[in-house]
Amino acid sequence: GVKIDPTSGLLTDESGFLTATFKVVLDAAPTADVTLFLNSSDTTEGTIDQSSLTFTPLNWDQPQTVTVTGMDDFIADGPQPYTIITGPITSLDLDYAALDPVSDIPDVSVTNADNETPGISTSPSTDLWTSEGGATEKVQVLLQSQPKFPVLLNIDSSKPLEGTVSPTTLTFNPEPGLPVSPKEFTITGIDDCDKDGDTPYTVSITAVSDDPDYHGTSIDLQVTNYEAPTISWVEPVENGEIYITDGFSPIKLKVINKCGEPISKVRFYRWVTALGDHVTIGEDLTPPYEETILPSELESGWNQIFAFAFGPPNSRQTFSIHEPILILKDANNLVHLPLINKQP
């Protein structure tokens, strides 16, 4: 006969840290080698470190240990029972070869503890903020367990005039045996041109699914849209076609405070392709907010000129956002200035 101890009460878990063992030994010395085959009834719940054990006439009375390790199926399915099936058995010893695996050799009962809880997680989940200058938050969303059916997440902003979301839906499909991969959406601050200060709003994520573990599940993210000044280009400007200047006269750059929010300074930048970075042209702390640039400071070809208005000191990235001016310096050193719609 074959003795197995224990045959029940074994526990594994999906993390793989909690393993179980049982010992196998023969009841009597065989006349030839005896090989006992083993397998798991559900390898998605638990596996064994040996698929067979061989006992010889010399070591038949020395117990051999089998280790059972729980497997993570990524599904919130609670504790799952499974069995380590013992048999068949092979041997030239006719007594052992005649053993019936079903009736003569006990199987081993194991339970695999679950480690998933259905839910929605985000990163980040706190201290989210945008600004009227267009500052964004990129949010990763993750389902905490593998869903049984597709899960559609609807993403909504409580105040779309303060912050918008894109995309507005995310879909997670079941992928058995694989961890759930995170998906991403972006929250973008909106400039409402109102002097309304820093404004809190909520981004809600709600699940729709045939999976009852997920349908109706929702979380709310608290976001703040920080106040930022709004500016618009005034110069260079012409109410007509693009015009051309010589390659020597200074070019005036000027913006206006479009919405009247507090401005501590306006900083003018030039993008330098060779450096792959911005170079500060200058700053203006008081209206009118203007600066000059010489054609000699421009690169041959297209140049991007930016202006950013900063809010009160110590505010959180409350700077304006708008389209840059593109200025062309041609091979003849002539400067082609762009057309800008004049502000009232």
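Heads up: numbering here begins at 1 and tracks the sequence.
- With D13 contributing its side chain and L18 its backbone, the two residues share a donor-acceptor pair below 3.5 Å.
- Shortest non-hydrogen contact noted between L143 and V180 is O-CB, 3.9 Å.
- Note that the OG1 atom of T199 and the CG atom of D192 stand 6.5 Å from one another [nearest 0.5 Å].
- Under the 4.5 Å side-chain criterion, counting only non-hydrogen atoms from C-beta, E116 is not in contact with Q146.
- Side chains of N115 and S15: no donor on one and acceptor on the other come within 3.5 Å.
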Evaluate the criterion side-chain contact (heavy atoms from CB on, under 4.5 Å) for residue pair I85 and L38; output intermediate values, then yes/no.
CA-CA 6 Å; I85 301 171; L38 308 168; over 6 Å; no
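- A donor-acceptor pair is defined here as one N or O able to donate and one able to accept, closer than 3.5 Å; such a pair exists between the side chain of D49 and the backbone of T67.
- V139 and L170 fall within the same hydrophobic cluster, where Ile, Leu, Val, Met, Phe, Trp and Tyr residues are linked whenever their side-chain heavy atoms come under 4.5 Å apart, directly or through other members.
- Looking only at side-chain heavy atoms (C-beta outward), T47 and M71 come within less than 4.5 Å of each other.
- Within the model, atoms CG of L153 and CD1 of I120 stand 5.0 Å from one another, a figure rounded to the nearest 0.5 Å.
- Between the side chain of T206 and the backbone N or O of N154, no donor-acceptor pair lies under 3.5 Å.
- Residues I89 and T35 form no side-chain contact, since every pair of their non-hydrogen atoms from C-beta on lies 4.5 Å or further apart.
- For the residue pair T12/Y82, the side-chain donor-acceptor check at 3.5 Å is satisfied.
- Between Y201 and the choices L221, T130, L128, the side-chain contact (heavy atoms from CB on, under 4.5 Å) rule is met once, by T130.
- When hydrophobic clusters are built by joining Ile, Leu, Val, Met, Phe, Trp and Tyr residues whose side-chain heavy atoms come closer than 4.5 Å, directly or via intermediates, V208 is not grouped with I205.
- Considering every non-hydrogen atom in both P88 and P101, the closest pair reads CA-CG, 3.7 Å.
- For the side-chain hydrogen bond (donor to acceptor under 3.5 Å, both in side chains) condition, the pairs that include at least one residue of residues 169-187, sequence neighbours left out, are K138-T186.
- Residues V165 and L142 fall within the same hydrophobic cluster, defined by Ile, Leu, Val, Met, Phe, Trp and Tyr side chains chained together at heavy-atom separations under 4.5 Å.
- Residues L328 and I293 are members of separate hydrophobic clusters, defined by side-chain heavy-atom contacts under 4.5 angstrom among Ile, Leu, Val, Met, Phe, Trp and Tyr.
- Taken from CD1 in I263 to CD1 in I231, the straight-line distance is 6.5 Å, to the nearest 0.5 Å.
- The two atoms that bring L53 and Q64 nearest to each other are CD2-OE1, 3.6 Å, heavy atoms only.
- Proximity of a side-chain donor or acceptor of N303 to a complementary backbone N or O of E299 within less than 3.5 Å is detected.
- Under a 3.5 Å cut-off, the side chain of T86 and the backbone N or O of P106 do form a donor-acceptor pair.
- For F308 and Y269, the ring centers sit closer than 6.0 Å to each other.
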CA sep, side-chain torsions, deciding dist, call: I325, Q304, side-chain contact (heavy atoms from CB on, under 4.5 Å):
CA-CA 6 Å; I325 289 178; Q304 287 185 322; over 6 Å; no
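- Side-chain atoms of T31 and D93 include a donor-acceptor pair closer than 3.5 Å.
- Judged by distance alone, with hydrogens and angles left aside, the side-chain atoms of K329 form a donor-acceptor pair with the main-chain N or O of P295 at under 3.5 Å.
- Side-chain atoms of D114 come within 3.5 Å of backbone atoms of G78 as a donor-acceptor pair (strictly under, hydrogens ignored).
- For the pair D107 and I84, the minimum side-chain heavy-atom distance is 4.5 Å or more.
- By the 4.5 Å heavy-atom criterion applied to side chains, I187 and T164 are not counted as neighbours.
- For the pair F172 and V141, the tightest heavy-atom approach, listed with the atom from each and the gap, is CZ-O, 3.6 Å.
- Following chains of ILVMFWY side-chain contacts shorter than 4.5 Å, one can reach F55 starting from I105, so the two form part of one hydrophobic cluster.
- We find the OH-CH2 distance between Y226 and W129 to be 7.5 Å, quoted to the nearest 0.5 Å.
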Between D210 and H215, is the side chain to side chain donor-acceptor pair (under 3.5 Å) condition met? List the steps.
CA-CA 7 Å; D210 289 332; H215 184 70; over 6 Å; no
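- Considering CD1 of I327 and CG of L253, their distance stands at 6.0 Å, rounded to 0.5 Å.
- Judged as a side-chain hydrogen bond (donor to acceptor under 3.5 Å, both in side chains), the pairs with a partner in residues 271-285 (not counting sequence neighbours) are, in order, R267-E283.
- In this structure, P150 and P174 have side chains that are in contact, with non-hydrogen atoms separated by less than 4.5 Å.
- Atom-to-atom distance recorded for I305:CD1 and E297:CD is 9.0 Å, nearest 0.5 angstrom.
- For the residue pair Q222/T202, the side-chain donor-acceptor check at 3.5 Å is satisfied.
- A donor-acceptor pair shorter than 3.5 Å can be found between the side chains of T65 and K23.
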Report the C-alpha distance between T54 and V34 in whole Å, list the side-chain angles of each, state the deciding distance to 0.1 Å, and finish with yes or no for side-chain contact (heavy atoms from CB on, under 4.5 Å).
CA-CA 6 Å; T54 298; V34 175; over 6 Å; no
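- Distance alone, capped at 3.5 Å, is enough to place a donor-acceptor pair between the N225 side chain and the S131 backbone.
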Quick one, Y96 with T90, criterion side-chain contact (heavy atoms from CB on, under 4.5 Å). Give me CA distance, side-chain angles, the key distance, then yes/no.
CA-CA 7 Å; Y96 276 102; T90 61; over 6 Å; no
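- Checked against side chain to side chain contact (heavy atoms under 4.5 Å, CB included), D104 has the following partners two or more places apart in sequence or in another chain: L99, D100.
- The closest donor-acceptor contact from the side chain of Q144 to the backbone of T117 lies under 3.5 Å.
- Across all non-hydrogen atoms, the minimal contact from G311 to S264 is O-OG, 2.6 Å.
- Shown here for D246 and F248, the closest heavy-atom pair between the two residues is OD1-N, 2.8 Å.
- Judged by distance alone, the side chain of Y214 and the main-chain N or O of S145 form a donor-acceptor pair under 3.5 Å.
- Using a 4.5 Å cut-off on side-chain heavy atoms (C-beta onward), L10 and T111 make no contact.
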Could you give me the CA-CA distance, side-chain angles and deciding distance for T83 and S109, then say whether side chain to side chain donor-acceptor pair (under 3.5 Å) is met?
CA-CA 5 Å; T83 303; S109 299; 4.9 Å; no
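- Enclosure of atom CG in L92 is not indicated, since only 12 or fewer non-hydrogen atoms of other residues, nucleotides or ligands lie within 6.0 angstrom.
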